[in-house]
Amino acid sequence: MRGKLTAALVFGAALGAGAAELPAVQNYGWESRPAVTGDASHLIRRSTTEDMRRGTPVDAQISAVVRSDLGIAWQPVWRRDGAGGIAVPLFGVAPDCSGIWLAERIGAAAGPNSTLVVTGNQYSGELASGVLLEECKLTLAFWSGKGARLIAVEAAQPELERPARLVEIDPHLGITGAWTLEGREVSAIAPADSEHIWLAADGQLYRFALADGTARRVAETTGGRVALASLPAERRLWVAEAGRLRLLDSDGRVLGEWARRDSEPVEMAAAGSDGVLIRDGGERLELLHGGTLTELSMPATAIAWVPAVGRYAVAWRHRQSLELLEPSGASGGVDGRSRIGVIAGIFPMPGPDGSVVVWSNTGKFARMTPLRRSFRSSEIYPPK
């Protein structure tokens with residue numbers, strides 16, 4: 001890579017047309033490489049005479065993924081090791097809410113692993129793509145604001161002679177670009193704009209350029225787990241970590257700072273630059289509104305900001321229900337059970353009515369449409 005390293009730290013070279021090859025990976029000396037157990041046979045692609053693009057706006061981000069004659073069937077594998085369950089640790093929604101993505105881990109819990117990435121069309125309620133990333137274990141990911149691609153962190157798997165990398169994923173083709181991480185331990189990533197991402201690693205926060213793999217250090221973190229909530233349109237970033245919550249501008253200047261409980265955050269939903277909702281590993285919630293950070297009493301299993309109605313969606317554990325909350329934390333008057341078990345993920349849908357798709361820890365989906373005081377629950381993304 002060319003250029004001086006005075007203002008930017010180079011993480012590694014981007015792989016693509018004309019780019020330099022990654023440095024050789026260390027040979028650890030195994031006589032035979034271990035094999036990933038399991039496969040992607042539970043993902044079925046089929047030709048269909050149905051128009052899978054029906055009802056999908058051409059300018060929606062998911063439109064670039066959907067193929068009119070391709071049908072996808074998928075049901076995550078139920079694992080019987082340990083307490084049992086599915087292994088889908090990563091999932092998210094497109095910036096325009098038109099599509100969702102889920103990453104299923106293939107292989108034993110102790111590794112080595114591959115990853116199966118599946119996308120769904122929020123307009124049709126049908127799965128749109130599925131691709132197996134062989135010998136690739138993803139630990140973090142998000143849907144990029146530029147086109148139909150995911151940006152993700154691939155964990156090192158020394159037994160497979162694979163280093164940790166930042167990767168770009170096409171929903172049909174798989175990995176189409178990669179950047180080395182030079183041994184850095186990444187704790188969070190988030191979109192900054194179409195050409196940059198935010199990246200927290202080893203106690204530092206970086207603004208990472210996808211074009212050339214350079215990273216500009218903009219702030220420090222405590223070094224533990226970090227949750228990021230990006231506001232690209234406002235060029236601001238929420239950063240939550242144990243004991244502290246901050247609002248930063250695009251240059252890392254602190255616009256606001258609050259003391260929070262000394263627990264590592266798991267996820268964060270932002271209501272713009274005026275407030276956020278934070279969930280920690282103990283399923284406890286903290287809400288920032290009007291400059292004051294307060295704790296909410298009930299445990300929650302998932303949270304999301306629903307832009308169509310300007311409210312938070314919160315999945316309560318004890319009721320296995322979904323509720324809409326005002327930015328102040330007051331009840332939005334809509335509360336109802338999902339009927340699919342404990343909710344593990346919430347995906348806001350496009351459109352003005354505030355509907356969301358919820359995902360359970362058993363691998364089921366439901367569309368939740370708010371009525372006057374409750375939700376109407378209906379099946380979506382059914383296995384074919």
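On a predicted model such as this, the values are computed, not experimentally measured, just so you know. We're numbering straight along the sequence, starting at 1.
The two residues Ser187 and Leu140 come nearest to each other via the heavy atoms C-CD1, 3.7 Å. Considering all non-hydrogen atoms of both residues, Gly354 and Ala308 come closest at N-CB, 4.1 Å. Of all heavy-atom pairs between Leu133 and Ile175, the closest is CD2-N, 4.0 Å. The nearest pair of heavy atoms linking Val314 to Ala300 is CG1-CB, 3.7 Å. Taking each heavy atom of Arg105 and Leu138 in turn, the nearest pair found is NH2-O, 3.1 Å. Heavy-atom minimum distance, Ser377 versus Ser338: OG-O, 3.2 Å.
The backbone N or O of Gly272 sits nowhere less than 3.5 Å from a side-chain atom of Glu234 that would complete a donor-acceptor pair. Looking only at distances, no side-chain donor or acceptor of Tyr312 sits under 3.5 Å from a matching main-chain atom of Ser328. Side-chain N or O atoms of Arg54 include none that pairs as donor or acceptor with a backbone N or O of Tyr123 at under 3.5 Å. A distance-only check finds a donor-acceptor pair linking the side chain of Arg162 to the backbone of Glu135 [under 3.5 Å]. With hydrogens and angles disregarded, no donor-acceptor distance shorter than 3.5 Å links the side chain of Trp101 to the backbone of Val117. Judged by distance alone, the side chain of Gln61 and the main-chain N or O of Ala94 form no donor-acceptor pair under 3.5 Å. Checking side-chain atoms of Glu241 against main-chain N and O of Thr222 turns up a donor-acceptor pair under 3.5 Å. A donor-acceptor distance shorter than 3.5 angstrom exists from the side chain of Arg311 to the backbone of Gly332, with no hydrogens or angles considered. At least one donor-acceptor pair closer than 3.5 Å links the side chain of Glu104 to the backbone N or O of Val77. Side-chain atoms of Arg45 come within 3.5 Å of backbone atoms of Gly130 as a donor-acceptor pair (strictly under, hydrogens ignored).
In the hydrophobic cluster analysis, where Ile, Leu, Val, Met, Phe, Trp and Tyr join through side-chain heavy atoms closer than 4.5 angstrom, Leu293 is grouped together with Trp238. Grouping the Ile, Leu, Val, Met, Phe, Trp and Tyr side chains by contacts below 4.5 angstrom, directly or via other members, places Met298 with Leu287. Linking ILVMFWY residues whenever their side-chain heavy atoms come closer than 4.5 Å, directly or via other members, places Val186 and Ile197 in the same cluster.
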Apply the test side chain to side chain contact (heavy atoms under 4.5 Å, CB included) to residues Leu116 and Trp74: give CA-CA distance (whole Å), side-chain angles for both, the deciding distance (0.1 Å), then the verdict. CA-CA 10 Å; Leu116 178 61; Trp74 168 73; 3.6 Å; yes
Any chance you could lay out the side chain to side chain contact (heavy atoms under 4.5 Å, CB included) test for Met52 and Leu70, step after step, and finish with the verdict?
CA-CA 7 Å; Met52 304 306 290; Leu70 176 64; 5.8 Å; no
request  = Give the intermediate values and the outcome of side chain to side chain contact (heavy atoms under 4.5 Å, CB included) for residues Tyr381 and Gln122.
outcome  = CA-CA 9 Å; Tyr381 301 117; Gln122 294 276 68; 2.7 Å; yes
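Taking CD1 from Ile169 and CZ from Arg149, the interatomic distance works out to 11.5 Å, rounded to the nearest 0.5 Å. Put simply, CD1 on Ile346 and CG on Leu322 are 5.0 Å apart, with the number rounded to the nearest 0.5 Å. For the atom pair CG of Leu160 and OG of Ser114, the computed distance is 8.0 Å after rounding to the nearest 0.5 Å. For the atom pair Arg236 CZ and Asp249 CG, the distance stands at 7.5 Å (nearest 0.5 Å). Taken to the nearest 0.5 Å, the CZ atom of Arg376 stands 11.0 Å off from the CE atom of Met368. Atom CG of Leu181 is separated from atom CG of Asp202 by 10.0 Å, given to the nearest 0.5 angstrom.
Between Ile343 and Gln320, every side-chain heavy-atom pair lies at or beyond the 4.5 Å cut-off. Leu205 places none of its side-chain heavy atoms less than 4.5 Å from the side chain of Arg246. Using a 4.5 Å cut-off on side-chain heavy atoms (C-beta onward), Leu43 and Leu132 make no contact. Side chains of Trp305 and Pro348 form no contact here, defined as non-hydrogen atoms less than 4.5 Å apart. You'll find the side chain of Leu245 reaches within 4.5 Å of the side chain of Met268, heavy atoms only. Phe208 has its side chain within reach of Leu166: a pair of non-hydrogen atoms, C-beta onward, lies under 4.5 Å apart.
Residues Thr119 and Ser129 bring a donor and an acceptor atom of their side chains to less than 3.5 Å of each other. Counted by atom type alone, Glu168 and Thr176 present one or more donor-acceptor pairs between their side chains at under 3.5 Å. For Thr369 and Ser355, the side-chain atoms include at least one donor-acceptor pair closer than 3.5 Å.
With salt bridges taken as basic N to acidic carboxylate O contacts below 4.0 Å, one links Asp251 and Arg216. Residues Glu379 and Lys364 are not paired through a salt bridge, judged by the lack of any N-O separation under 4.0 Å between the basic side chain and the carboxylate.
Both cation-pi conditions hold for Arg207 and Trp198: the charged atom is under 6.0 angstrom from the six-membered ring centre and inside a 45 degree cone around its axis.
Residues satisfying the salt bridge (Lys or Arg N to Asp or Glu O under 4.0 Å) criterion with Arg319, sequence neighbours excluded, are Glu323, Asp335.
In the displayed structure, Glu267 atom CD is contacted under 6.0 Å by more than 12 heavy atoms of other residues, nucleotides or ligands.
Using cut-offs of 30° and 60° on the angle between ring planes, the pair Phe365 and Phe347 is tilted.
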